[in-house]
Amino acid sequence: MIYSAATIALVPQIKTGPWIFWNDLETSMAKASQLGFDAIELFTPSAQSVDVSQLKDLLYQYNLKLAAVGTGAGKVLQGLTLTDPDLKIRSQAKSFIAEMIAFGAAFGAPAIIGSMQGNTSTEGTAEQSLQWLSEGLEELGDLAAANNVFLIYEPLNRYETNLLNTLEAGAGIIEQLQTTGIKLLADLFHMNIEETDLEQAIINFGNWIGHVHFADSNRKPIGFGHTNIQPVAQALQKINYKGYISAEAFPWPDPEAAALQTITSFRKYFR
Ligand code: LER
Ligand code: MN
């Protein structure tokens, strides 16, 4: 089964980012629920910023699941990445993600590594950075598996990382790891910039896909850009994708209209 999710960001510093809702948690959950979303995806400043039992109550009250938790605040707020040349920063990045894995796991939800992968710096070579990334993923993938969740690794477009930009590159690194705890995130916006063919990439690396970010070519909600979604939806059905299609898109023209557009598109292509 494929389920719908809407993103909620609770990090004021990134409220211009691609998140459908970015205001108050409960108000956003009420809206998502009212529109018929199955789940929410959360971006929080840290693993401690939302109380687990309060979130459990809210999810129950609004009949929603937690689809995933984002870890990007570790970079945005604290400057942490898994590929920082400074060992201390790399280990703080791992601790930050480890806490996020535990937070998500309390709800059976995976944590996502997107911007926390960082970039190859001028001090290191790409090879060294990829080695650090692999070490981090190895350790955190095992931790996720021990918590009965996957860890989701997200290839980003070239303007956000110079490490791994395609599903092929992402699959290439995770298939070399010992851990079996990692899956890939297919973010349609990043893919629109980097992949030769969205459908073919989904089909070729479908075994690895554990989460999908749903956004159009311009990162607006699906239907407000020029990505041809029909064949993308067919490719996801062809690989027998089971999981969330989560709207990580700009709240354009406003959060409520973006959420409505997203759920309408989701129903059109996946129901
Ligand atoms: C995170 O999921 C992502 O796609 C990044 O581009 C966020 O800035
Ligand atoms: Mn994404």
Side-chain angles (χ1 to χ4, degrees), residues 4-22 39-46 66-83 93 96-97 100-101 103-104 109-119 133 136-137 140 150-167 169-170 174 182-195 198 201-202 205 208-222 225 227 229 232 236 241 243-252 258 262 266:
S4 61
T7 49
I8 302 177
L10 300 174
V11 184
Q13 290 85 342
I14 53 166
K15 78 177 188 190
T16 54
W19 292 280
I20 299 288
F21 296 111
W22 42 265
I40 53 162
E41 177 175 325
L42 270 186
F43 291 81
T44 62
S46 74
L66 185 63
V69 294
T71 63
K75 182 179 182 206
V76 178
L77 302 183
Q78 297 183 41
L80 307 175
T81 72
L82 291 174
T83 53
F96 184 91
I97 296 166
M100 280 295 192
I101 289 172
F103 171 55
I112 297 168
I113 295 184
S115 50
M116 285 291 273
Q117 67 194 277
N119 277 284
L133 179 63
L137 292 177
L140 295 164
F150 281 102
L151 174 63
I152 305 288
Y153 170 73
E154 177 174 26
L156 303 175
N157 75 70
R158 67 191 70 182
Y159 307 107
E160 295 187 41
T161 184
N162 55 11
L163 291 172
L164 304 168
N165 305 120
T166 58
L167 293 188
I174 59 179
I182 303 189
K183 291 215 174 207
L184 285 180
L185 201 162
D187 181 318
L188 301 182
F189 167 71
H190 297 306
M191 290 177 68
N192 171 68
I193 296 170
E194 297 296 343
E195 303 288 352
L198 299 192
I202 289 168
F205 302 100
W208 294 105
I209 300 176
H211 198 69
V212 175
H213 276 162
F214 198 46
D216 216 313
S217 52
N218 46 13
R219 224 172 195 180
K220 288 177 180 172
I222 293 286
T227 298
I229 292 295
V232 170
L236 287 165
Y241 175 70
Y244 290 100
I245 304 274
S246 183
E248 187 188 62
F250 289 122
W252 187 90
T262 292
F266 177 84

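Whatever order the structure lists ligands and atoms in, that order sets their numbers, starting from 1. Numbers for residues simply follow the sequence, beginning at 1.
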Which atoms of ligand 1 sit under 4.0 Å from any heavy atom of Glu248? 1 (C), 2 (O), 3 (C), 4 (O)
Check whether any N, O or S atom of His213 sits under 2.8 Å from the Mn ion (ligand 2). yes
Say whether Asp187 and ligand 1 are in contact under the criterion: heavy-atom distance to a ligand atom below 4.0 Å. yes
Output the list of atoms in ligand 1 that are nearer than 4.0 Å to some heavy atom of His190, sorted by atom number. 3 (C), 4 (O), 5 (C), 6 (O)
Location of contacts on Glu41 toward ligand 1, heavy atoms closer than 4.0 Å: neither
Spacing of Ile20 atom CD1 and Ile40 atom CD1 [to the nearest 0.5 Å]: 13.0 Å
Protein contact to atom 5 (C) of ligand 1 [nearest heavy atom, distance to 0.1 Å]: Glu160 OE1, 3.3 Å
Take the angle between the ring planes of Phe43 and His213 and call it parallel below 30°, perpendicular above 60°, tilted in between. tilted
With a 4.5 Å limit on heavy-atom distance, are the side chains of Tyr244 and Glu41 in contact? no
ang(OE1 Glu248, the Mn ion (ligand 2), OD2 Asp187) rounded to 10° is 90°
Quick one: does Arg219 get a heavy atom under 4.0 Å from ligand 1? yes
Using a strict cut-off of 4.0 Å, indicate which atoms of ligand 1 neighbour a heavy atom of His213. 2 (O)
By atom name, which N, O or S atom of Glu154 is the nearest to the Mn ion (ligand 2)? OE2
Using 0.5 Å steps for rounding, measure from the CG atom of Leu198 to the CD1 atom of Ile229. 7.5 Å
Under 4.0 Å from a heavy atom of Glu154: which atoms of ligand 1 are those, numbered in the order shown and with their elements? 1 (C), 2 (O), 3 (C), 4 (O)
Between CD of Glu154 and CG of Leu167, what distance do you get to the nearest 0.5 Å? 10.0 Å
